[in-house]
Amino acid sequence: MIDIKLLRENPEKIIDALQKRGVYGSPKNSEEITAMPYKQLEGMLDIEQLLKLEGERRTRIKEADELKNRRNVVSEEIGKLKQKKQDAAGLIAEMKGVSEKIKELDERLKKIEEDENNFLLIIPNIPHESVPVGKDEAENIKTRKWGEPGQFDFPPLNHWDIGEMLGIIDFDRAAKIAGARFSLMKGMGARLERALMNFMLDTNTSKGYKEIFPPILVNKESMTGTGQLPKFESELFKIGFTKDTIDFLKTKFITVQKNEYETMIDGKKKKEWIHIEAELNRMLGNELYLIPTAEVPVTNIHRDEILNEADLPIYYTAYTPCFRREAGSYGKDTRGLIRQHQFNKVEIVKFVRPENSYEELEKLTRDAEDILQRLGLPYRVITLCTGDMGFSSAKTYDIEVWLPGQDRYREISSCSNFEDFQARRANIRFRREGKKGTEFVHTLNGSSLAIGRTVVAILENYQQKDGSVLIPEALRPYMGVELIK
RNA sequence: GGAGAGGUGGCCGAGUAGGUCGAAGGCAGCCGCCUGCUAAGCGGUUGUGGGGGUAAAACUUCACCCAGGGUUCGAAUCCCUGCCUCUCCGCCA
């Protein structure tokens, strides 16, 4: 979330950021924004509208606070009068009116704050000044390269062919069990997943990352904290009813907010009441989401906490399965392990002081690269441009691994500094030694690495002419074999 | 799933026949004093967020005693709903 004070004082900075990301402008439905800011999800962000909301918010606060002050003062007087057994009927009558007025104002204020907050939640982060300005992935910058793509004296195969030939990946049965974009790993394939997970976790913990094994179902607050919600709900798997279903039911029942029905209790007919809208909201509030990345539960470990300066930096690493709907990528990567609804990943997450978060981003990226180096997989590092960066990120490096079967580099890790964007949403603060007040921490994370894609890289880079696959040396202790054949 | 108990400031812990409670007391922390040093002792001080105010402070005001509603002139205190924790019974990996 962006800082509302920054918006107030330097709106041009926010506008500039949105322009660089290509999402600034007046939406067509501007008259609807106040009521439903999320209607802008696919469109442009009209900052002037937001400023108007903010101005109104402050006016209303002033009005309500003055009345509340009056109520507090007079109520105390009434108390004193009553103790002295004196008459206070006049004051009480007056306060009755004041309280009603306050209630009215508070309701309006609440609505304004909801609208404003909903708006703030869909504004992306401000890119760091070092991020190249560009409109899409074509303008990303190749930052560095490690290793050279290997030369093969035979035509290298795709990983799915290798996997099926070796009998270690079974896509057909995975489709039978679950559907498209799922995989079934068998024998040395399953073993390879497990080996990579342990190898990555061991490597990270040896560098001081604390190992975490978090819940993989999380609530709405956690998803909002890291930025997946409200904007990217369609990317997530959800347990229970979806928002669409609830919204549909609401439109059906909205005219009958209170329903009476008969029920049998102890053999007697009894009338009961139910608030349908309240019930639906409650159902929606109880939903859980499958995590798309360990970033979500791990970053939310410290949600609503005030950390000590001495606790920072905090380094975590976590293995989790990850779940993604991959809506809107129907034609892409339909074969193989590249794009799955469920995949494994080892993640690293950092909570740091603001002044060294960029230094920490470099270190974090190097730590992710180190895994690839130890596995002997050639890669390059890409600095994403403003138009290609994720919603929550201020700066992102993608690491792309060389895949001979596809004759190209493919993303295997994404390392980002979110600055205080997530910390503000998730309310993660720290207190400086000897200073009053609190500050938001900076959060960072990166994959180290996506395990499924690492399997792809190993199969394709280490394939042999006879169809077998050599195991990288660093992995042999975990695999127990040197070769899959 | 059934029965009961409870959720108060960094921690412990008062406060439930509603009124001056942001909240007694203790611990921890901070600042002084004292002491050769440490400890003990003495005095003072210490929450978060929003609004106004300021160059920044000072200052001022509102809100916050799990969350959301309600009753009331007024709620930590009363009522409803939800969430969480604990104990017992049942069930279960």
Side-chain angles (χ1 to χ4, degrees), chain A residues 1 3-10 51 53-117 120 215 217-222 224-225 240 246 257-259 265-266 272-288 300 302-311 420 423-441:
Chain A
M1 191 145 65
D3 184 358
I4 189 68
K5 282 181 187 155
L6 178 68
L7 178 80
R8 235 146 65 181
E9 285 152 24
N10 302 92
L51 279 168
L53 275 174
E54 169 64 4
E56 208 182 332
R57 181 177 76 94
R58 289 196 288 167
T59 312
R60 298 285 165 241
I61 286 175
K62 224 185 283 183
E63 284 175 10
D65 277 6
E66 275 164 22
L67 282 179
K68 283 177 189 173
N69 180 235
R70 168 110 183 108
R71 180 178 67 183
N72 289 345
V73 171
V74 175
S75 289
E76 204 176 308
E77 257 174 62
I78 293 172
K80 281 178 186 160
L81 285 176
K82 287 217 161 180
Q83 270 181 345
K84 292 187 225 156
K85 311 260 188 215
Q86 289 175 352
D87 179 55
L91 287 178
I92 289 176
E94 187 205 333
M95 283 305 103
K96 214 165 195 161
V98 170
S99 277
E100 259 162 48
K101 182 81 184 154
I102 288 172
K103 205 171 170 182
E104 228 171 81
L105 287 173
D106 272 349
E107 267 162 28
R108 279 166 72 186
L109 179 62
K110 194 178 163 192
K111 179 84 178 70
I112 291 164
E113 283 181 337
E114 265 170 25
D115 286 345
E116 185 173 340
N117 197 249
L120 284 169
L217 281 170
V218 301
N219 57 30
K220 192 178 180 170
E221 287 70 30
S222 294
T224 307
I246 301 282
Q257 291 201 356
K258 237 180 179 181
N259 263 14
I265 294 176
D266 298 332
E272 296 240 337
W273 293 84
I274 181 169
H275 277 272
I276 288 182
E277 196 181 6
E279 283 298 313
L280 291 174
N281 281 333
R282 202 170 55 76
M283 285 160 84
L284 197 57
N286 285 341
E287 302 308 326
L288 291 171
N300 277 283
H302 296 297
R303 173 152 52 84
D304 291 321
E305 288 184 14
I306 301 175
L307 304 164
N308 294 318
E309 187 177 16
D311 296 337
D420 64 6
R424 202 178 289 282
R425 286 175 160 247
N427 193 26
I428 308 168
R429 294 169 290 168
F430 77 105
R431 216 189 303 272
R432 283 200 199 266
E433 220 74 51
K435 275 205 174 178
K436 274 192 81 109
T438 60
E439 278 179 61
F440 290 109
V441 302

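So you know, we letter chains A, B, ... as the sequences are listed, proteins then strands, and number each from 1.
- Note on A/Ser99: a side-chain N or O is less than 4.0 Å away from OP1 or OP2 of B/G74.
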Show the numbers, then the answer: is there a salt bridge (charged side-chain N to carboxylate O under 4.0 Å, His left out) between A/Glu94 and A/Arg70? CA-CA 11 Å; A/Glu94 187 205 333; A/Arg70 168 110 183 108; 2.7 Å; yes

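- With both ends at atom C1', the span from B/G13 to B/A28 equals 14 Å, rounded to whole Å.
- Side-chain contact annotation: A/Ser222 with A/Arg303, donor-acceptor N/O pair under 3.5 Å present.
- Atom-to-atom, CD of A/Glu94 to P of B/U72 comes out at 18 Å; the value is rounded to the nearest Å.
- Between A/Arg57 and A/Glu54 there is a salt bridge, since a side-chain N of the basic residue sits under 4.0 Å from a carboxylate O of the acidic one.
- Straight-line distance from the CG atom of A/Asn427 to the P atom of B/C64: 18 Å, rounded to whole Å.
- Base-pair partner of B/G36: not found among the strands shown (Watson-Crick or G-U wobble, both distances under 3.5 Å).
- The base-pairing partner of B/A17, taking Watson-Crick or G-U wobble contacts with both distances under 3.5 Å, does not exist among the strands shown.
- Between A/Lys110 and B/A63, a side-chain N or O to OP1/OP2 separation shorter than 4.0 Å is absent.
- Atom name C1', nucleotides B/U48 and B/U8: the rounded distance is 15 Å, in whole Å.
- More than 12 heavy atoms of other shown residues, nucleotides or ligands fall within 6.0 angstrom of atom NZ in A/Lys68.
- Pairing for B/U81 goes to B/A67, judged as Watson-Crick or G-U wobble with the two contacts each under 3.5 Å.
- Annotation: B/A14 and B/A57 have their P atoms spaced 39 Å apart (nearest Å).
- Looking at A/Lys111 and A/Asp115, a side-chain N of the basic residue comes within less than 4.0 Å of a carboxylate O on the acidic one, giving a salt bridge.
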Pairs under 3.5 angstrom, nitrogen or oxygen only, protein versus nucleotides 17-21 of chain B, please.
unit_1, atom_1, unit_2, atom_2, d
B/G19, N2, A/Ser75, O, 2.9
B/U20, O4, A/Gln83, OE1, 2.4
B/U20, O4, A/Gln83, NE2, 2.9

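- Pairing for B/U72 is absent, with no Watson-Crick or G-U wobble pair whose two atom distances lie under 3.5 Å.
- Under a 4.0 Å N-O distance rule, the pair A/Arg60/A/Glu63 qualifies as a salt bridge.
- Across all strands shown, B/G4 forms a Watson-Crick or G-U wobble pair with B/C86, both key distances being under 3.5 Å.
- Between A/Arg429 and A/Glu305, no side-chain nitrogen of the basic residue sits less than 4.0 Å from a carboxylate oxygen of the acidic one, so the salt-bridge criterion is not met.
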Side chain to side chain contact (heavy atoms under 4.5 Å, CB included) between A/Leu288 and A/Asn219: does it pass, once the steps are laid out? CA-CA 5 Å; A/Leu288 291 171; A/Asn219 57 30; 4.3 Å; yes

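- The closest side-chain heavy-atom distance from A/Arg431 to A/Glu309 is not below 4.5 Å.
- For the C1' atoms, the distance linking B/C12 with B/A24 amounts to 14 Å, nearest Å.
- Regarding A/Asp304, its CG atom lies at a distance of 19 Å from the P atom of B/C83, rounded to whole Å.
- For the pair A/Asn308 CG and B/C11 P, the interatomic distance rounds to 12 Å; values are reported in whole Å.
- Summarising the base pairing, B/C59 is matched to B/G52 through a Watson-Crick or G-U wobble pair whose two defining distances lie under 3.5 Å.
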Could you run down nucleotides 44-62 of chain B 5' to 3' and tag each one B, S or - for protein heavy-atom contact under 4.0 Å? ---SSSBSS--------SS

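- Comparing the same atom, P, in B/C27 and in B/A40 gives a spacing of 10 Å after rounding to whole Å.
- With rounding to whole Å, A/Leu105 atom CG is found 14 Å from B/A63 atom P.
- Partners of A/Asp304 according to the side chain to side chain donor-acceptor pair (under 3.5 Å) rule, which considers only residues two or more places apart in sequence or in another chain, are A/Asn427.
- The distance between atom CG of A/Leu91 and atom P of B/C73, rounded to the nearest whole Å, is 13 Å.
- When both pairing distances are held under 3.5 Å, B/A28 makes a Watson-Crick or G-U pair with B/U46.
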